[in-house]
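In each ligand, atom 1 is the first atom listed, and ligand 1 is the first ligand listed.
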Amino acid sequence: MLYDFTENRKYRIFVRTSMLILIMETEKVKCLIVGSGPAGYTAAIYTARASLNPVLYEGIEPGGQLTTTTEIENFPGYPSGIAGAAMMEDLKAQAQRFGTDVRFGTVTAVDFSKRPFIVTVDGSKTIEAETVIVATGASAKYLGLASEQQFRGMGVSACATCDGFFYRKKDVAVIGGGDTACEEASYLASLCNKVYLVVRKDYLRASKHMQNRVMNTNNIEILFGHVTQQVLGDENGVTGLLLKGPDAQEKVIDVAGMFVAIGHHPNTEIFKGQLDLDAEGYIKTIPGSSKTSVAGVFAAGDVQDNTYRQAITAAGSGCMAAIDCERFLLENPL
Ligand code: NDP
């Protein structure tokens, strides 16, 4: 008897198709929150309390930027300050207490062309979301030098709290003149032998309080008007920095680590072509609201805020997004 290949292939196709259907089955969600910083968790607390059953995807950096901060001294309600990571754990617990489904995973693609919105998680799982709150925050910028890239993780870092420990009693440099740079320099000064603060202008952009702190720390030396030309090193990692000074003179400082603290860029890559973004890539919102260019999609926190960028303003805008979302769902049920 002849073997019937056609039948067999059909069967295989049928089995594969049903497996695919099982794998591709989409989940339906009323309110999907993307991001787990203060904006995302505050949106979660409010939407959960409004019985919207929010699902929150934490993203690549669960807890967001604050988990890489040491002490937060300016968040109202903490007279003695609080560690960034501890605050994010508290916010997460508070969101979960009201029923937020907090999930480990990263949103990798979105289709906001019609409701329900199609959101892909980790490249495979598909979710149909009636509304989306985008709170993906911002990430650290780097200088863009080839040598910086070469020594990433071998002496080049953008997080003193994460990596400072490895440079105890050594000399290091922090690049930047804003609050982040001053904060990083202060933290490192408590661990390291000496900290150079390399500032490209002849003044600091940081708040007066932070300026005073770095200027009054004995083992911080501020190098005004200096630009980093090259990261120097060998097979064991960073050994120094080649700088250009205000008089165009080149100068080498011997350091074992370079901490880059020159600001952030918004995490909006997956929203390009889906939402209106400004020239720097921040999501545009309708002033006085969290509404984006797509009805039913809201943005909160640093992803839409190039001006204030504080934990407290992010949390406040997360609250706005939740309220906007709740009202939108009442007026636009699916
Ligand atoms: P900022 O944008 O305020 O400062 C960036 C710094 O990096 C500036 O000094 C800038 O120099 C410098 N810089 C930028 N690009 C380069 C480059 N290519 N080479 C060398 N230097 C460069 O960013 P921050 O991250 O410091 O702060 C962001 C926001 O967060 C601010 O609003 C800040 O107040 C806030 N913040 C508050 C904290 C707190 O209150 N505890 C802690 C940390 C941040 P230039 O001035 O020349 O442009």
Side-chain angles (χ1 to χ4, degrees), residues 37-39 61 64-88 137-149 156-162 164 173-189 195-215 220 222-231 241-246 251 253 255 258-267 278-282 301-317:
E61 191 181 17
Q65 289 176 63
L66 286 186
T67 54
T68 63
T69 310
T70 35
E71 195 80 348
I72 299 167
E73 294 179 331
N74 51 9
F75 199 95
Y78 297 98
S80 316
I82 181 167
M87 189 168 99
M88 294 322 299
S139 297
K141 280 184 191 165
Y142 283 85
L143 294 170
L145 302 169
S147 52
E148 172 191 54
Q149 190 62 30
V156 172
S157 164
C159 177
T161 343
C162 318
V174 175
I175 316 297
D179 278 316
T180 306
C182 291
E183 205 174 61
E184 302 269 86
S186 300
Y187 173 71
L188 289 165
V195 180
Y196 293 97
L197 184 57
V198 182
V199 185
R200 67 178 174 182
K201 292 215 173 106
D202 59 0
Y203 61 87
L204 290 169
R205 196 197 282 198
S207 59
K208 208 77 203 147
H209 172 73
M210 289 308 293
Q211 291 191 29
N212 290 339
R213 188 183 285 186
V214 291
M215 283 173 180
I220 297 178
I222 308 177
L223 300 174
F224 284 111
H226 282 76
V227 176
T228 312
Q229 303 280 97
Q230 199 184 338
V231 182
L241 298 184
L242 175 65
L243 307 176
K244 194 187 256 182
K251 161 183 184 160
I253 52 170
V255 290
M258 173 177 94
F259 291 85
V260 188
I262 60 168
H264 294 82
H265 60 81
N267 296 320
D278 71 11
E280 289 180 67
Y282 288 85
D302 286 11
V303 76
Q304 53 83 56
D305 173 17
N306 193 11
T307 310
Y308 301 104
R309 296 179 286 185
Q310 302 297 303
I312 187 68
T313 49
S317 69

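The side-chain heavy atoms of M258 and L143, taken from C-beta on, include a pair separated by under 4.5 Å. Within the 4.5 Å cutoff, no side-chain heavy atoms of H226 are placed close to those of Y196. Using a 4.5 Å heavy-atom cutoff, the side chains of R309 and Q65 are not in contact.
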Output block, N or O contacts of ligand 1, threshold 3.5 Å exclusive:
residue  : atom   : partner : partner atom : Å
ligand 1 : 2 (O)  : R205    : NH1          : 3.2
ligand 1 : 9 (O)  : G177    : N            : 2.8
ligand 1 : 9 (O)  : G178    : N            : 3.4
ligand 1 : 11 (O) : R200    : NE           : 3.4
ligand 1 : 25 (O) : T180    : OG1          : 2.6
ligand 1 : 26 (O) : D179    : N            : 3.2
ligand 1 : 26 (O) : T180    : N            : 3.0
ligand 1 : 26 (O) : T180    : OG1          : 3.1
ligand 1 : 34 (O) : D179    : OD2          : 2.5
ligand 1 : 40 (O) : N74     : ND2          : 2.7
ligand 1 : 41 (N) : E183    : OE2          : 3.2
ligand 1 : 46 (O) : R205    : NE           : 3.2
ligand 1 : 46 (O) : R205    : NH2          : 3.3
ligand 1 : 47 (O) : R200    : NE           : 2.9
ligand 1 : 47 (O) : K201    : NZ           : 2.9
ligand 1 : 48 (O) : R200    : NH2          : 3.1
ligand 1 : 48 (O) : R205    : NH2          : 2.4

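For A189, the side-chain contact (heavy atoms from CB on, under 4.5 Å) criterion is met by V195, T217, N219, I220, not counting sequence neighbours.
Counting only distance, with no hydrogens or angles, the side chain of E184 and the backbone of A160 share a donor-acceptor pair below 3.5 Å. No side-chain donor-acceptor contact under 3.5 Å links S157 to the backbone of F259.
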